[in-house]
Amino acid sequence: MSVPPREPRLPRAFFARDALVVARALVGCLVVHESPGVAARVARIVETEAYRGPRDLACHARVGLTRRTRTLLGEAGHAYVFVVYGMHDCFNVTCRGVGAGHAVLVRAGEPVTGLGEGVRLDGPGRFALAMGLTRGLDGADVTAPPVYLLSRAKRPRISVTPRVGVAYAGEWADRPWRFLDARSAHVSRPPRGALGRG
DNA sequence: CATATGATTCCA
DNA sequence: GGAATCATATGA
């Protein structure tokens with residue numbers, strides 16, 4: 001059994017920065033989800049992507065303020081959880097500040113505690129599912145329970161590639177805004193034909 | 001109200 | 001390579 005993590009909790013100021021900065025800084029950090037009746041689920045982030053507001057045509061904020069983007073356009077440090085392809089939840093954390101529309105998508109992690117050894121967290125859908133981060137948590141403050149993040153103990157080796165699954169966004173799809181722990185075996189396997197290397 | 005599409009995953 | 005499957009955005 002693992003020892004409970006003792007790293008400090010990430011404060012709102014951590015998230016109140018450009019998503020590009022936050023996305024890189026989150027690789028290696030821990031996500032904690034405490035829910036009643038089960039052990040706290042803890043995962044180490046090994047892959048993120050930055051989404052940078054209305055001008056970023058791959059970012060949901062491009063459509064302006066709607067019910068879906070209400071959280072995305074709100075205060076930094078909140079969970080932005082949405083459903084994609086009618087079946088998968090994606091867990092993001094809002095960044096920068098009100099109206100910015102910045103967020104970091106957590107695309108993969110590796111199990112730390114409360115998840116079991118064989119559990120796969122590679123891919124945004126699998127990460128959200130295993131961690132129990134469903135749409136009911138959309139808008140939740142991630143600086144306090146039940147969902148919060150912990151600082152990383154050591155700075156990981158980072159690889160950078162373009163974002164996955166955003167080919168529709170034209171030249172914005174080519175921006176190198178995906179960050180991976182270069183030494184982790186738990187990063188997602190990009191769709192066939194996608195650009196990028198580990 | 002009707003339609004198109006997607007920050008994915010699984011199967012053949 | 002292609003299906004599954006539906007919330008969301010957009011246009012009639």
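In what follows, chains carry the letters A, B, and so on, assigned in the order in which the sequence lines appear, proteins first and then strands, with residues in each chain numbered from 1.
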Check your understanding: Taking it one step at a time, do Ser184(A) and Glu110(A) satisfy side-chain hydrogen bond (donor to acceptor under 3.5 Å, both in side chains)?
Key -> CA-CA 8 Å; Ser184(A) 176; Glu110(A) 48 190 40; 3.1 Å; yes
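- In this structure, CZ of Phe127(A) is placed 16 Å from C1' of dT8(B), rounded to the nearest angstrom.
- Remark: Ser35(A) engages Arg41(A) in a side chain to side chain donor-acceptor pair (under 3.5 Å) (not counting sequence neighbours).
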When you compare the protein's N or O atoms with those of nucleotides 10-12 of chain B, which come within less than 3.5 Å of each other, and at what distance?
unit_1  : atom_1 : unit_2    : atom_2 : d
dC10(B) : OP2    : Arg126(A) : NH1    : 2.1

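- The side chain to side chain donor-acceptor pair (under 3.5 Å) check on Arg12(A) picks up Asp141(A), Thr143(A), with sequence neighbours excluded.
- Residue pairs that meet the salt bridge (charged side-chain N to carboxylate O under 4.0 Å, His left out) test with at least one member in residues 78-100 of chain A, sequence neighbours left out, do not exist here.
- Nucleotides dG1(C) and dA7(B) are separated by 22 Å at their C1' atoms, to the nearest Å.
- For the pair His88(A) NE2 and dT9(B) P, the interatomic distance rounds to 6 Å; values are reported in whole Å.
- Here the side chains of Val147(A) and Pro145(A) are not in contact, with every heavy-atom distance at 4.5 Å or above.
- Residues forming a side chain to side chain donor-acceptor pair (under 3.5 Å) with Asp138(A) (at least two apart in sequence, or on another chain): Thr71(A).
- When distances are taken from the side chain of Val84(A) to each of dA4(C), dG6(B), dT9(B), the shortest belongs to dG6(B).
- Salt bridge Arg152(A)/Glu7(A): absent, no basic N to carboxylate O contact under 4.0 Å.
- Tyr80(A) has no side-chain polar atom (N or O) that falls below the 4.0 Å cut-off from OP1 or OP2 of dA7(B).
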Exercise for review: Go along nucleotides 7-12 of chain C 5' to 3' and tag each nucleotide: B for a protein heavy atom under 4.0 Å from its base, S when only backbone or sugar atoms are that close, - otherwise.
Suggested key: SSSS--
Show me the donor-acceptor pairs, under 3.5 Å and distance only, between side chains in residues 56-67 of chain A and residues at least two apart or in other chains.
unit_1   : atom_1 : unit_2    : atom_2 : d
Asp56(A) : OD1    : Ala58(A)  : N      : 3.0
Asp56(A) : OD1    : Arg163(A) : NH2    : 3.0
Asp56(A) : OD2    : Arg52(A)  : N      : 3.0
Asp56(A) : OD2    : Arg163(A) : NH1    : 2.7
His60(A) : ND1    : Tyr80(A)  : OH     : 2.7
Arg62(A) : NH1    : Cys59(A)  : O      : 3.1
Thr66(A) : OG1    : Arg68(A)  : N      : 3.3
Thr66(A) : OG1    : Thr69(A)  : N      : 3.3
Thr66(A) : OG1    : Thr69(A)  : OG1    : 3.3

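- DNA chain B forms stems at B:1-6 with C:6-11, B:8-11 with C:1-4, each a run of 3 or more consecutive Watson-Crick or G-U wobble pairs whose two key distances fall under 3.5 Å.
- As rounded to whole Å, 6 Å separates atom C1' of dT8(B) from atom OH of Tyr85(A).
- As a whole-Å value, the separation of Trp172(A) CH2 from dA7(B) C1' is 16 Å.
- Going from atom CD of Glu47(A) over to atom P of dT8(B) covers 10 Å, rounded to whole Å.
- Between the CZ atom of Arg175(A) and the P atom of dA7(B) there is a distance of 18 Å, given to the nearest Å.
- Contact annotation: His60(A) reaches the phosphate of dA7(B) (side-chain N/O to OP1 or OP2, under 4.0 Å).
- In this structure, CG of Asp122(A) is placed 8 Å from P of dT9(B), rounded to the nearest angstrom.
- In this structure, Tyr148(A) has no ring pair (Phe, Tyr, Trp, His ring centres under 6.0 Å) partners at least two apart in sequence or on a different chain.
- Clustering of Ile, Leu, Val, Met, Phe, Trp and Tyr by side-chain heavy atoms under 4.5 Å joins Val83(A) with none of the others.
- Residues satisfying the side chain to side chain donor-acceptor pair (under 3.5 Å) test with Asn92(A), not counting sequence neighbours, are none.
- Connectivity analysis of hydrophobic side chains (ILVMFWY, heavy atoms under 4.5 Å, direct or indirect) links Val21(A) to nothing; its cluster partners are none.
- Arg178(A) places its CZ atom 10 Å from the P atom of dT8(B), with the value rounded to the nearest Å.
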